[in-house]
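Have a look at the structure below before the remarks.
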Amino acid sequence: MTDYARTERRLLADLLLEVGPDAPTMCAGWATRDLAAHLVVRDRRPDAMVGMLVPPLAGHGEHVRRAKAAQPYERVVAEVRTPPWWSPMSNPLLDELANTVEYFVHHEDVRRAQPGWEPRALDRGEENALWRATKLTARLALRRLGRPVRIEAPGFGVLQVGDGTPAATVTGAPGEIVLFCSGRQSVARVEIAGDESIRTARLNM
């Protein structure tokens, strides 16, 4: 079994400490302390995370996240690094399924908000894992556009969302495609042939 989720979690925690609590991220309106708090709440407060699915409960989730963000930053990052023993995320298999993309994307949210960033060289196994995840995330994200889009990851595969002649073709490495489909188009190193408006369309849920 791979451990890409745990590796990304560790690298993100290291970077959060390196850049400090007030560094920018690619999550609009969130500094690093806010992103760290979100991840801790996601691991440890399922009652608060329900608000992501049930809008009337969103206020409770945001209240819990803000309270966590107000705690000492080093303590919050320590909680990011290691989920509690009772959390389903402490199960390596479930962690890998649920968090490989989550922690890759949020690691890049911090990396790519800092000056001078460059894409990382990922190993083939992680790129394969991200490409497999893209087959789901791309469909969920790109169907919002209401027109067919073709995704090409050279050496990994091709995916089309929607029927008919594609309005645009997006080409890039699996990690860049994941970031693009997660709404990080502005920092995703991809090439777009066709309708360039998808670069600024709202794709994240």
Side-chain angles (χ1 to χ4, degrees), residues 2 4-5 7-9 12 24-30 35 38-39 42 49-58 61 93-114 117-205:
T2 60
Y4 300 120
T7 298
E8 292 291 341
R9 183 190 289 267
L12 173 56
T25 77
M26 295 307 302
C27 300
W30 280 4
L35 177 55
H38 160 74
L39 292 170
R42 184 175 181 272
M49 293 307 295
V50 169
M52 295 184 65
L53 302 175
V54 184
L57 300 179
L93 179 59
L94 183 57
D95 190 36
E96 195 69 16
L97 291 172
N99 283 332
T100 296
V101 169
E102 179 83 5
Y103 276 84
F104 170 79
V105 168
H106 286 319
H107 184 192
E108 294 300 323
D109 280 336
V110 179
R111 289 188 71 254
R112 300 190 186 207
Q114 314 312 313
W117 67 269
E118 289 293 335
R120 288 181 289 153
L122 304 177
D123 72 40
R124 180 77 182 192
E126 185 167 8
E127 288 193 299
N128 277 326
L130 293 172
W131 176 245
R132 287 193 297 270
T134 297
K135 296 175 184 179
L136 173 61
T137 58
R139 287 188 173 91
L140 292 175
L142 297 177
R143 69 183 181 184
R144 299 166 63 98
L145 297 174
R147 51 195 185 276
V149 175
R150 180 181 172 91
I151 300 292
E152 297 183 355
F156 293 90
V158 175
L159 170 69
Q160 179 156 325
V161 180
D163 297 326
T165 302
T169 298
V170 180
T171 303
E176 304 302 316
I177 298 293
V178 165
L179 291 168
F180 186 91
C181 293
S182 298
R184 280 75 172 175
Q185 299 104 300
S186 65
V187 293
R189 294 280 179 87
V190 299
E191 296 180 1
I192 299 176
D195 185 358
E196 283 276 348
S197 70
I198 67 172
R199 194 179 290 277
T200 56
R202 183 183 176 189
L203 298 181
N204 55 322
M205 302 301 289

Answer yes when Arg111 and Glu108 have at least one side-chain N-carboxylate O distance shorter than 4.0 Å, and no when they do not. yes
Do you know which two heavy atoms are closest between Met26 and Arg112, and how far apart they sit? SD-O, 3.9 Å
If you compare all heavy atoms of Tyr103 against all heavy atoms of Arg9, which two are closest, and at what distance to 0.1 Å? OH-NH1, 3.1 Å
How about Glu191: does its CD atom have over 12 heavy atoms from other parts shown lying under 6.0 Å from it? no
Is there a side-chain contact between Arg199 and Val190, using heavy atoms and a 4.5 Å cut-off? yes
Spacing of NE2 belonging to His107 relative to OG1 belonging to Thr25, to within rounding of 0.5 Å: 13.0 Å
One should read off an interatomic distance between Leu35 CG and Trp30 CH2, to the nearest 0.5 angstrom, of 6.5 Å
Leu122 and Glu126: which non-hydrogen atoms are nearest, and at how many Å? CD2-OE1, 3.9 Å
Write down the atom of Tyr4, the atom of Ala129, and the distance for their closest heavy-atom approach. CD1-CB, 4.3 Å
Verify the distance criterion only: is there a donor paired with an acceptor across the side chains of Ser197 and Arg147 at less than 3.5 Å? yes
Less than 4.5 Å apart, side chain to side chain, heavy atoms only: is that true for Trp131 and Lys135? yes
side-chain contact (heavy atoms from CB on, under 4.5 Å) between Thr137 and Ile177: does it pass, once the steps are laid out? CA-CA 10 Å; Thr137 58; Ile177 298 293; over 6 Å; no
Do Asn99 and Arg42 come close enough that some side-chain heavy atom pair is under 4.5 Å? yes
Closer than 4.0 angstrom, basic N to acidic O: yes or no for Glu118 and Arg189? yes
Nearest atoms (heavy-atom pairs only) where Trp117 meets Val187: CH2-O, 3.4 Å
Residue pair Val110, His106: steps toward the side-chain contact (heavy atoms from CB on, under 4.5 Å) verdict: CA-CA 7 Å; Val110 179; His106 286 319; over 6 Å; no
Side-chain donor-acceptor distances from residues 151-166 under 3.5 Å, at least two apart:
unit_1	atom_1	unit_2	atom_2	d
Glu152	OE2	Arg150	NE	2.5
Glu152	OE2	Arg150	NH2	3.3
Gln160	NE2	Gly162	O	3.1
Gln160	NE2	Gly164	O	2.6

First locate atom CD1 of Ile198, then atom CG of Leu142, and finally report the distance between them rounded to the nearest 0.5 Å. 7.0 Å
Drop me the distance from Cys181's SG to Arg139's CZ, to the nearest 0.5 angstrom. 11.0 Å
Pair Arg120 + Glu8, salt bridge at N-O below 4.0 Å: yes
So which atom in Thr134 and which in Pro174 form the shortest heavy-atom distance, rounded to 0.1 Å? OG1-O, 4.2 Å
I would like to know whether Leu179 and Phe104 meet side-chain contact (heavy atoms from CB on, under 4.5 Å); could you show each step before the answer? CA-CA 9 Å; Leu179 291 168; Phe104 170 79; 4.0 Å; yes
